[in-house]
Novice: 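Questions regarding the structure given below will be posed in turn.
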Amino acid sequence: MDGEEVPDLIPARMLNEFTYCPRLCYIEWVQGEFEDNADTVDGRFQHRRVDQSRGVVPDSEEIKEFNARSVDISAPETGIICRLDLVGGNGKSVTPVEYKRGSVPDVEGGAYESDKVQLCAQGLALKENGYECSEGMIYFVKSKRKVSVPFDDYLINRTKELLDSLREMAASGKIPPPLIDSPKCIRCSISGICLPDEINSLRESEKADEGTLQVRKFLPARDDQVPLYVSGYGQLLRKKGERIEIWSKKEKLGDAKIRELSQVSLYGGVSATTPVFTELLQRNIPISYFSYGGWFYGFSQGNSHKNVELRIKQFSVAGDNEKSLKLAQKFVNGKILNCRTILRRNDQGVSTDVLSSLKKLANDAESSENFRTLLGIEGGAAQIYFSRFNSLLKSQDEWFLFNNRNRRPPKDPVNAVLSYLYGVMVKEFFVTLLATGFDPYLGFYHQPRYGRPALALDLMEEFRPIIADSVTFTLFNNGELSESDFICRGLGVTMTPEGKKTVLNGYERRINTEVKHPLFGYKVSYRRIFEVQARLIARVLDGEIDEYPPFLTR
Amino acid sequence: MGRLKVFIVSYDVSDPKRLYRVHKTMKGFGDPIHYSVFRCNLSDKDKIELIAILSEIIKHDEDRIMIIDLGFACGDVDNRIDLIGVHPEENNNQAIIF
C-alpha cells in the first residue's frame, strides 16, 4: 500500500488514540474494528450535552461574544478534521474546550499528552481557518474543573510530529506491536481484539519455547450474551419493544431480551417479521438459517464489518500454497492430538499402540510435504480414532452401537447426533469468523469449492473431538438421549424435535464450560476460545506471530 | 458469566406516558418481579447504558428510580432474596432454545 491511500484529513480524535497507543489507532481507524465497554458508553453519556450542536461560530470580522457546541471544522493544510465539543470566544479570538469524562489526572500540567495533542490539533485547525487561538481548555466532567492548555511551540511541534508518524503508520499497512505489560490495556475496550499480552507472550515463546505463558485475563463482553435457537413449523418471531417474542399460532411460547442475544439460529419452517430482522441486523446479531434436519443454509449479517485489510491478507495467504500448508498442518496436528486426548481420557481399553500411532501421525502432519499427504494423514488418524469410538459409549445396547462414521444420511443414532452437531459447529465458527472480520468461505486447508465455508471447517478441525464428539458420547452415557429420541426411516436415522433440543442443550452446556487455555493459563469459556483462536489466525496473517498455535486440551 | 451483577431496579413515575416508556425500557434489561420492580443481570456497561436511557426518559424533579446492587450473579445472590407467594422462574443466562 502506498501513502496516497491514507485519507487527507485525519480526525483529531484518532490523533488522541494514536498518542495513547498506536495499535489502538490502527485497529480502530485503519481496520475499522470497535468494541464498546463501560468506559466508552459512559463517555458518550457524559458527552451527551456537548454533542447536541448549538450556537454558531461567526465568520465575519464583527466582534461579539459567542459560544458554540459540537462544531465540525476541517483544515486541509494541516490535514486535520475535528469536532469541537465547545468553542467560545470574542470575534476572531477563540478557545476550544474538550470534554473528558474522568477527573483531572495527577500528571504535570493536569492533562495527559494524548488529550493535549488532540486539543492542540483543534487549535491548529482553528488557526488555519483564520481565528486567533493560543490556548485550549479541557473540562473534566467528574471533577467539574477546567484545565487550561497553552499552545506553546513545544506542543505545536509535538502535535505535527505525531500527525506525521500517524500518517506514516497508516500508509505502511503494518499493525504496530502491542504495548508491553501496560496498565493502559486493562481498561482498553478493544483488548479482546488486540490481545496484547497473548501476542507478546507468543512472540516471546517463539524465541524461547516455554510451556504455559503468564498472561493477564482480559474478558470480552460477548461472554455475557446467549444464543437463541428456534426450531419447528409455523413458529413466528415478533418484535415487542426491547424483546423478541416467539409465537406458535395463537400461543406465545416465550420471549428473549434482544440486548442479551449473541446470535439467532432458525431451524426449519420458522419465520420472523421484518422489524425483528432489522433490529437484529442493526445490533450486529447474526441470524443463521438451517433446514429442519440441521443443514446449514446461510445467514444474515448487518453492514457493520469493515476490516477489509484482514480479508486482503486472508486471500493472499490462501493463494500461497506454502503459507496455506503451514496453517493446514497446524489444524490437522491440533485435531489429531485432541482426538488422542479424548481416547486417553475416556477409553479405558485403549492400547498404547493406538495412542503412540496417533502421536506419530500428529507429528507427521506437521512435516507433511503437500496437501495430499496431509489429507492422507488426517484420514488415517480418523480411521484409528473412530475405530475406538464405540468403546467411548458405556452402554453396549445394540441400538447405540457405533461401527463406523457415516453420513448423508447417518445410519445409526450416534452418527445422527455427530452429523447434527457438526452442522451446529460449522455455524458457530462461521459466525465467529465473520465477527472477527474473515471471509468464512475461503480456507487454507479445505478447498474453496462446492459452497463450503472452508475457513469455518479449517478452524473447526481441532475442536471436533473436544466439542461435538465429547458432547455425543456424554449425552448417550448420561442417558439423556434414548431410543425414543430417534426415528428410524429405511436408510437413515433422524432425531425427534425433543432429541434435537437435548442435543442443543448438551452442546450449549459444553461450549459455556470454562476451561483453562493451555497456552495462556487463564480460564474462559470454549465460546470465547473459538474467538481467541480466530484472532490468532488473524495475527499469523498480519505476520505478528509465525505459527498458529492450535488449541490443545490436556 | 462471572462479570454480571444482579440489580433490583424500582421506579415511581408520575406520568402514564413516561411510565410506559420506562417499563418498556426495563423489559429490555431485566425481568419484572413486581409492578415497577425489576430484577436485572447487568454488566458494568449495561448498567451505564440503562442509567443513560432512563435519565433521558424521566423528569428529574417528578419521578424517581432506585437501583440496588446485589453483587455478582454467580455468587450467593439468591440466598439474599426470599420470595413469598407466586414468582416467575429465574432466567440464568443460558441459551434460549424453543
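Just so you know, these numbers use all the heavy atoms, side chains as well, and skip hydrogens, waters and symmetry mates.
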Novice: Let's test your reading of the structure: which of A:Lys240, A:Glu508, A:Arg243 forms the most heavy-atom pairs below 4.5 Å with chain B?
Specialist: A:Arg243
Novice: I'd like to know whether B:Tyr11 forms a ring-ring contact (aromatic ring centres under 6.0 Å, His included) with B:His23, so could you lay out the CA-CA distance, the side-chain angles of the two residues, the decisive distance to 0.1 Å, and finally the verdict.
Specialist: CA-CA 9 Å; B:Tyr11 50 85; B:His23 183 78; 7.0 Å; no
Novice: Which residue out of A:Arg259, A:Glu242, A:Gln235 racks up the most heavy-atom pairs below 4.5 Å with chain B?
Specialist: A:Arg259
Novice: What part of A:Ile258 is in contact with chain B, defined as an atom under 4.5 angstrom from a non-hydrogen atom: side chain, backbone, both or neither?
Specialist: neither
Novice: Decide if atom NZ of B:Lys24 counts as having more than 12 heavy atoms of other residues, nucleotides or ligands within a radius under 6.0 Å.
Specialist: no
Novice: Taking the inter-plane angle between the rings of A:Phe299 and A:Phe430 on a 0 to 90° scale, is it parallel (under 30°), tilted (30 to 60°) or perpendicular (over 60°)?
Specialist: perpendicular
Novice: Check whether more than 12 heavy atoms from other residues, nucleotides or ligands sit under 6.0 Å from atom CG of B:Asp63, and answer yes or no.
Specialist: yes
